[in-house]
Amino acid sequence: MKKKFTLAVLTILAIFLLTACGGKKSGDITVDITKLCDDLKATVTSGDLIIANENNLAATYFFEMDKLEESIAALNSGANACEVAIVKCKDSDYVSEVQDLFKGRVQNQSNLFADYNAAEVSKLDAAIIKSAGNYVVFCVTDDTAKAEEVLKKAGF
């Protein structure tokens, strides 16, 4: 009887320990999107990126703005393909739709740049689209490896 009790206690203890080692759930991430945007902008060396207002953000990416809790985008002048956009969706159901909108942006920009600045298409081919929790990040940069490091530190 004592062995069964000890075994049961050890089993319960092991279960608690294993769940405690699980770390954060993907929904537990918190990101300062302005700081992350600035950090990702620093990976762009070809031209300046300008922070877009909400109207430009909605028109550029076709977001349903009422489904976003926070958003920021830094856009280029049109001379190069580099840009950064970060959104926090109000609901996790909108995350995949935002990812699809970013993929559509990559395709549209690739078609556009193929006609007048084909060298930029390779940047678009390496575009980063990542999500963590309700956050989605889109980044087209000159230094994809550095941008990946920035995103890893931020929890993506």
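Model, not experiment: these values are computed from the prediction. Hydrogens, waters and symmetry mates play no part in the numbers below; they use all other heavy atoms, side chains included.
- Here the SG atom belonging to Cys139 is positioned 8.5 Å from the CD atom belonging to Glu148, to the nearest 0.5 angstrom.
- Summarising the geometry of Asn56 relative to Thr60, their closest heavy-atom pair is O-OG1, 2.6 Å, with the distance given to 0.1 Å.
- Under a 4.0 Å N-O distance rule, the pair Asp142/Lys123 qualifies as a salt bridge.
- Closest of all the heavy-atom pairs between Ala114 and Ala118 is O-CB, 4.2 Å.
- A donor-acceptor pair under 3.5 Å is absent between the side-chain atoms of Asp143 and the main chain of Thr43, judged by distance alone.
- Under a 3.5 Å cut-off, the side chain of Asn76 and the backbone N or O of Cys82 do form a donor-acceptor pair.
- In this structure, CG in Leu36 is found 8.5 Å from CD1 in Ile33, a value given to the nearest 0.5 Å.
- For the atom pair OG (Ser131) and CZ (Phe156), the distance works out to 8.0 Å, reported to the nearest 0.5 Å.
- Cluster partners of Tyr61, using a side-chain heavy-atom cutoff of under 4.5 Å among ILVMFWY residues and allowing indirect links, are Leu57, Phe62, Phe63, Met65, Leu68, Leu75, Val87, Tyr94, Val95, Val98, Leu101, Phe102, Val106, Leu112, Phe113, Tyr116, Val121, Leu124, Ile129, Val136, Phe138, Val140.
- For Glu69 and Lys88, the salt-bridge test passes: some basic side-chain N is under 4.0 Å from an acidic carboxylate O.
- Other residues, nucleotides and ligands contribute only 12 or fewer heavy atoms inside 6.0 Å of the CG atom of Asp48.
- Tyr135 contributes no side-chain N or O that, together with a main-chain N or O of Cys89, makes up a donor-acceptor pair within less than 3.5 Å.
- Take Asp32 and apply the side chain to side chain contact (heavy atoms under 4.5 Å, CB included) test, not counting sequence neighbours, and it matches Thr34, Lys35.
- Taking SG from Cys37 and CD1 from Ile72, the interatomic distance works out to 4.0 Å, rounded to the nearest 0.5 Å.
- With contacts defined as side-chain heavy-atom distances shorter than 4.5 Å, the pair Gln99/Lys130 does not qualify.
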Test side-chain contact (heavy atoms from CB on, under 4.5 Å) applied to Glu120 and Gln109, step by step: CA-CA 9 Å; Glu120 294 296 303; Gln109 290 295 91; over 6 Å; no
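- Taking CG from Asp39 and NZ from Lys41, the interatomic distance works out to 10.5 Å, rounded to the nearest 0.5 Å.
- Atom OG1 of Thr141 sits about 7.0 Å away from atom CD1 of Ile128, to the nearest 0.5 Å.
- Taking both residues in full, the closest heavy atoms of Ala74 and Ile51 are given as CB-CD1, 4.0 Å, listed atom of the first, atom of the second, then distance.
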